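No experiment lies behind these values; they were computed from the predicted model shown. Lettering of chains follows the sequences in order, A, B, ..., and the numbering in each one begins at 1.
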Amino acid sequence: MRYASVVVDVPAKGTDKLFDYEIPNKFAGVIQPGMRVIVPFGSRKLTGFVVQLKNETDIDSVKPIHSLFDPEPVLNHELLELGAWLSETTLCYKITAFQAMLPAAMKTRYIKEIKPSSSAQLEDLPEEIRTAFEKGGPLSWEDLPSSLVAVVQKEIRNGNLQIDYRVEQKQKKRLVKYVKPLLPVRELEEQLQHLPARAHKQKEVIQFFIDHPNPILLTELTNSIQGASIAVKALIKKGILTEEQVEIYRDPYEHKQFPRTKPLPLTDEQKRAMEPILDKLNRHEHEVFLMYGVTGSGKTEIYLQAIEKVLNEGKEAIVLVPEISLTPQMVQRFKSRFGSQVAVLHSGLSSGEKFDEWRKIYRKEAKLVVGARSAIFAPFQNIGIIIIDEEHETSYKQEESPRYHARDVAIYRGKYHQCPVILGSATPTLESFARAQKGVYTLLTLKERVNRRPLPEVHIVDMREELRNGNRSMFSRTLFEKLTDRLKKGEQSVLLLNKRGYSSFVMCRNCGHVIGCPHCDISLTYHRHGEKLKCHYCQFETAMPSRCPECGSEHIRFFGTGTQRIEEELNRLIPEARVIRMDVDTTSRKGMHEKLLNAFGEKKADILLGTQMIAKGLDFPDVTLVGVLSADTMLHLPDFRSGEKTFQLLTQVSGRAGRHELPGEVVIQTYTPEHYSIQLASLHDFETFYRQEMKMRKSFAYPPYYFLILITVSHPNAIKAAEVTEKIGQYLKLHLSNEAQILGPVSSPIPKMKDRYRFQCMIKYKREKNLYKTLKLLFEHYEEDMSQTDLKLMIDLNPYTIL
DNA sequence: AGCACGCCGACT
DNA sequence: GTCGGCGTGCTC
């Protein structure tokens with residue numbers, strides 16, 4: 001093959017196509033589809049993905065491929081096709097789709113350097129440039145002092161300097177510094193005498209090496225001797241110590257022990273659910289199963305046994321778990337059963353760790369991947385089963401381009417590999433449950449908890465009533481009594497604060513002014529750490545003012561109910577209770593999540609207080625009480641799924657109580673106790689909830705009866721944004737069928753973000769033959785506007801949050 | 001995206 | 001007459 005078609009690394013409209021390059025003789029037979037190559041592109045060098053090889057090209061001025069970037073293809077045939085499909089169905093650039101399938105560490109970095117051209121006489125160069133070169137090799141364009149820019153440009157024109165474009169992989173090999181003495185102990189003792197009297201630190205370091213003459217990690221050394229790194233540097237200079245960079249293999253779980261577990265005996269119900277899966281596995285056929293099983297019904301054991309069968313046949317398995325429930329407990333269950341065959345991918349890993357886990361999969365050292373959304377792109381060749389646990393979780397939908405849903409990708413891959421896909425949940429999405437009702441998916445039902453433990457008893461507390469009775473605290477009397485009761489019995493409680501829509505904004509109690517972000521139309525959130533106000537949408541942050549910027553009053557304070565405030569109130573009401581608080585603030589540091597959960601598991605605390613992150617997957621035997629402090633905070637969000645989300649959250653969190661010997665109880669505090677989402681969650685009645693919610697969806701033409709598309713238009717000028725949105729609405733009315741409903745334009749729920757005004761319109765449709773074509777045409781129609789006037793168009797097919 | 005090319009005003 | 005501002009259009 002003489003030519004290669006390449007998708008170049010420029011995410012833009014004009015470059016979202018294939019560019020043909022000649023394959024130089026030296027690469028003949030080496031270059032294959034799925035490989036990344038470095039190609040000349042205009043005056044630069046870029047990486048690109050080879051997508052096909054061919055013997056003909058229509059282009060008359062083909063350039064040759066410069067070099068290989070990977071020794072082997074990084075995307076196999078299936079993933080190349082999947083990328084093309086993703087870019088079509090989510091309307092993203094091909095390069096964006098390809099990049100989404102690789103770990104971030106494999107993204108490329110472009111370096112622009114200035115160096116003397118081969119023909120240049122160094123003496124001809126101006127003094128200031130020559131000295132810069134003498135100091136240290138080529139100059140990077142980025143940190144060229146602005147005073148030199150003009151001179152450099154002139155010399156480039158004169159042909160004395162040239163720009164060198166280099167391509168590098170962002171991934172850094174993990175290097176650690178080891179320090180060791182260059183001299184034997186005897187000589188070290190001698191050196192100790194020769195050091196200046198005031199070099200205390202250096203003496204301390206040498207003494208350390210006299211006691212322990214072996215190489216030591218620099219970080220470990222600085223742990224035992226504070227500020228040792230400066231002394232070490234000095235000692236290296238003196239030739240007493242030496243340092244060594246060693247590349248280490250990153251294994252986030254290397255120090256963990258995972259006792260092996262054996263398959264548990266299945267209940268009759270589990271066996272019945274297992275059968276159709278095994279049948280499909282044996283026949284090597286594709287099928288989507290919706291496994292609807294109440295919390296604690298043993299879904300995971302079914303996953304484990306199905307996976308075991310797949311692995312025994314020499315095939316691979318993918319298990320997706322929502323990010324927040326990718327807890328150590330969950331990972332442990334898989335590692336314990338399958339040991340080193342498991343690769344784990346989640347956001348808690350560093351990009352290098354993710355890269356190494358990815359390579360384990362690529363090199364077939366791992367046969368099973370357990371991971372968050374993007375793990376669906378694991379580079380396996382022979383997948384035997386794909387499992388999506390907690391199928392209803394919104395984190396499976398990516399909110400940036402490519403706006404894909406992991407479930408759709410899973411089904412695509414399941415078809416390709418002719419293998420079953422299992423969607424598991426105690427509270428399936430209405431979309432999936434409706435498909436199961438229609439027979440598109442096969443429904444598997446688990447109604448009983450393993451060992452027949454009853455579901456916990458749920459009490460709904462009307463907080464309006466509490467207020468009328470003079471209780472103004474965040475804790476109802478019922479909840480308070482039950483909390484103190486658990487404390488007496490030595491049992492544990494979990495308290496959930498549903499923080500969404502409740503963030504702690506800052507308001508002036510005198511004039512009612514709320515401090516907002518100057519760039520985005522939302523209120524700033526108070527962070528106690530450093531007394532700061534931060535914007536959730538842009539990076540803006542500012543100090544907490546002591547006076548109201550509007551009226552100058554000192555009565556300005558943060559409102560809303562953060563976990564911190566609850567913790568304070570808890571400490572006041574029940575001072576003897578030991579509380580662990582889990583929220584973004586306390587878990588942002590790496591490993592804290594695990595640490596806090598372990599502490600709770602070891603009963604170092606009586607109450608676990610947290611946000612959504614504690615709702616899922618936790619399994620502690622002594623938790624007998626779950627309290628939901630305010631069930632309706634998300635019920636009133638302007639989102640048609642708010643009822644569904646409330647039902648899901650309440651059901652999930654209730655499932656945390658009484659999972660073992662001790663029976664559990666749940667207290668739900670709410671201001672709208674009559675709402676069906678809350679009522680039915682308290683009765684653990686998903687099926688009635690499903691029917692009720694489906695009626696609502698039908699009458700308002702929402703999914704699953706209709707599909708949605710959200711088009712968001714943003715522009716620095718509000719009028720322009722509104723105008724364009726209006727025109728888009730008209731355009732769509734003209735080009736889509738009469739069956740489609742076009743709503744809007746309306747101001748986006750976040751009307752202004754990063755100094756851009758946002759308007760949106762929504763399309764509801766059932767079937768549209770020319771949908772993708774029309775949307776693509778829409779993009780082209782506004783192309784000039786987009787480049788000329790800084791207009792941005794965002795199209796989200798099947799949006800998950802319309803917020 | 002980034003870069004070259006090209007056309008206009010400001011200045012040595 | 002040259003330098004440098006940014007609008008325009010292309011990149012195999």
Rounded interatomic separation in angstrom, taking CG from A:N55 and P from C:dC12: 21 Å

Between P of B:dA1 and NZ of A:K17, the distance in whole Å: 16 Å

Length of the line joining A:W141:CH2 and B:dG2:P, which is rounded to integer Å: 14 Å

Whether A:F49 and A:F98 hold their rings parallel, tilted or perpendicular, with breakpoints at 30° and 60°: tilted

A:I59 CD1 to C:dC12 C1', straight-line distance once rounded to whole Å: 5 Å

Rounded distance in Å - CD (A:E22) to P (C:dC12): 13 Å

Shortest side-chain distance from A:Y165, nucleotide among B:dA1, B:dC3, C:dC12: B:dC3

Under 4.0 angstrom between A:K112 side-chain N/O and B:dC3 OP1 or OP2: yes

Geometric cation-pi criterion, A:R44 with A:Y110: 6.0 Å, 45°: no

Charged N-O contact under 4.0 Å between A:E113 and A:R166: yes

Geometric cation-pi criterion, A:R359 with A:F355: 6.0 Å, 45°: yes

A:K63 side-chain proximity, nearest of C:dC12, B:dA1, B:dC3: C:dC12

Touch class at under 4.0 angstrom, heavy-atom based, for A:S61 against every strand present: sugar-phosphate

Distance, rounded to the nearest Å, where A:R44 contributes CZ and C:dC10 contributes P: 16 Å

Rounded interatomic separation in angstrom, taking CG from A:D9 and C1' from B:dA1: 9 Å

Sugar-phosphate only, base, or nothing, as touched by A:V10 at under 4.0 Å among non-hydrogen atoms: base

Rounded interatomic separation in angstrom, taking CD1 from A:I38 and P from C:dT11: 21 Å

Presence of salt bridge, A:E88 and A:K776, under 4.0 angstrom: no

A:F41-C:dT11 aromatic stacking (under 5.5 Å, under 30°): yes

